[in-house]
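Keep in mind that this is a model prediction, so the values were computed, not measured.
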2 protein chains.
Amino acid sequence: MPLQPVSRRSVPDEVFDQVLGEVVSGALGPGEALPSERRLAEVLGVSRPAVREALQRMAQTRLVEVRHGGATTVRDFRRYAGLDLLPSLLVRGGSIDVPVVRSVVEARLLIGPGVAALAAERRDAAHVAQLTATVAAYAGTDDPVERQRHTLAYWDLVVDAADSITFRLLFNSLSAAYEPALPVLASVIGAGESAGAYRVLTAALEEGDPETARAAAERVLRPSTDALLTALNTLDTSRESP
Amino acid sequence: MPLQPVSRRSVPDEVFDQVLGEVVSGALGPGEALPSERRLAEVLGVSRPAVREALQRMAQTRLVEVRHGGATTVRDFRRYAGLDLLPSLLVRGGSIDVPVVRSVVEARLLIGPGVAALAAERRDAAHVAQLTATVAAYAGTDDPVERQRHTLAYWDLVVDAADSITFRLLFNSLSAAYEPALPVLASVIGAGESAGAYRVLTAALEEGDPETARAAAERVLRPSTDALLTALNTLDTSRESP
DNA sequence: TCCCGGATAGTGGTCTGACCACTTGACCAC
DNA sequence: GTGGTCAAGTGGTCAGACCACTATCCGGGA
């Protein structure tokens, strides 16, 4: 059995997660006022600084608005929250949220080719070498989870080659959401992917033509996207009609 | 003169911004250890809870790693930070960072058409009506800043129509970065845009064909993107050779 | 009757000082 | 070397106090 680092959740972390849960679940709707810091501290049995830390982090995520002298109110996270909220929405309460995963998978398909096109314009020899090595590593294993880790590494390199800080941060945010769900998704994607498509994409990137790379990236992403979406659909309907 | 709300920066906000500046400017490189909380509190002349709040927010942004009992160390923000960091990178120290803006503008051009395609599949009559109204408002004003605000509102509606939580949060993050720079960018974009292109896009969305919408979105975004990129290039070179 | 003004209670903002829990590194015994 | 012990320094948490600000209510003046 693989040993894992013991998780030690701090008090403010715990408070943060609880309040965040109330907000994203809709138990506390936009405009509603939270209990006062003192009251929250009392109810949760923790000190006020602990509550403060949690609420300030909530404010930074634009989930609540705190006003000096006034009450702290809930904001509409769909309208104001940033992409960093995605992981919290994805795995709410232990299980994954199907519509959220669907949108992430769609976004991957829509954004990936664009990044590949940028990368084709700006890659250098070192990038190509690393990409080639990663494809080889991908082709060299049969473990689905391991293969998915290599695809993540591959796209990480593509983003590097694209040399865009915006896409880099975007990729980081999506990865942070993707990573925890990776074991679950790996089995679904399964045979949907092939090393061949990645080799074609790598060749296109080496070639340096943006449109070729864009098309190749689409051919890489399409099969696993379709596999995931159909799997999500059956998941959805099976839950709706038990 | 237009009155503005007085800005009341809290102590933890100030600390956060200072430490963040040190990190994103590279003054504190990845792996380096921050001074201890007590030391920071002493140096900055504030209390430890204030420092703590700031550092916890830094940790949430994945800019630093705090370890109980050990030192707090700087992480590589390019590798780990999420898209919510973008505004901080964009306007570092009062002036805007040209390469960062460039990447945002590129991303806009690469992502926009994809969102439009999604929106074409999922829009309903209410969306189309609102889009039409927004185009009319856009065409009805000559003030560049006002026009850009309508543009933002238009894309906000497109994202709504696309019905994707991922793109919604992504749009929120990009907007948060875009908004402060809007007055500056508005003058550059200037005549690059036309209500006509937006009308075509709206018609394509109403029609419901993804590929038509994608192409129309590209035609909407291309001119202003080109205008911005060339403006950024001259800005760049003029700064390099004074 | 209406409206304005100040009292007041309750909120978030900040500080102090203390103690606990953990990591690190040095030192020591085996 | 290996493992155990200990001290110093770090972050984690708490309690209580006071300040700054807002919302609300209520009484007096128009």
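Base pairing analysis places C:dC30 opposite D:dG1; the two distances defining the Watson-Crick or G-U wobble pair are each below 3.5 Å.
Ring geometry for A:Tyr198 versus A:Tyr138: interplanar angle of 30 to 60°, hence tilted.
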Compile the donor-acceptor pairs under 3.5 Å between side chains in residues 70-83 of chain B and protein atoms, sequence neighbours left out, one pair per line.
unit_1  : atom_1 : unit_2   : atom_2 : d
B:Asp76 : OD1    : B:Arg78  : N      : 3.1
B:Arg79 : NH1    : A:Asp156 : OD1    : 2.7
B:Arg79 : NH2    : A:Asp160 : OD2    : 3.4

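Here the P atom of nucleotide D:dT24 and the CZ atom of A:Arg67 are 10 Å apart, to the nearest Å. B:Glu65 has its CD atom 14 Å from the C1' atom of D:dT10, to the nearest Å.
Using a 4.0 Å cutoff to heavy atoms of chain B, the contacted part of DNA chain C runs 5' to 3' from C:dT14 to C:dT23.
In the model, B:Gln60 has a side-chain atom that pairs as donor or acceptor with a side-chain atom of A:Thr61 under 3.5 Å. Defined by atom type and a distance below 3.5 Å, a donor-acceptor pair is present between the side-chain atoms of B:Arg108 and B:Ser224.
Within residues 38-56 of chain B, the residues having any heavy atom under 4.0 Å from DNA chain D are, by residue number, B:Arg38, B:Arg48, B:Arg52, B:Gln56.
A salt bridge is defined here as a Lys NZ or Arg NE, NH1 or NH2 lying under 4.0 Å from an Asp or Glu carboxylate O, and A:Arg48 with A:Glu42 fails to meet this definition. Salt-bridge check for B:Asp13 with B:Arg57: passed, with a basic side-chain N closer than 4.0 Å to an acidic carboxylate O.
Each of A:Gly70 and B:Gly70 was assigned the nucleotide of DNA chain D with the nearest heavy atom; the assignment lying further toward the 5' end belongs to B:Gly70.
Heavy-atom neighbours of A:Asp124 CG from other residues, nucleotides or ligands within 6.0 Å: above the threshold of 12. In this structure, A:Asp143 places its CG atom where more than 12 heavy-atom neighbours from other residues, nucleotides or ligands lie under 6.0 Å away.
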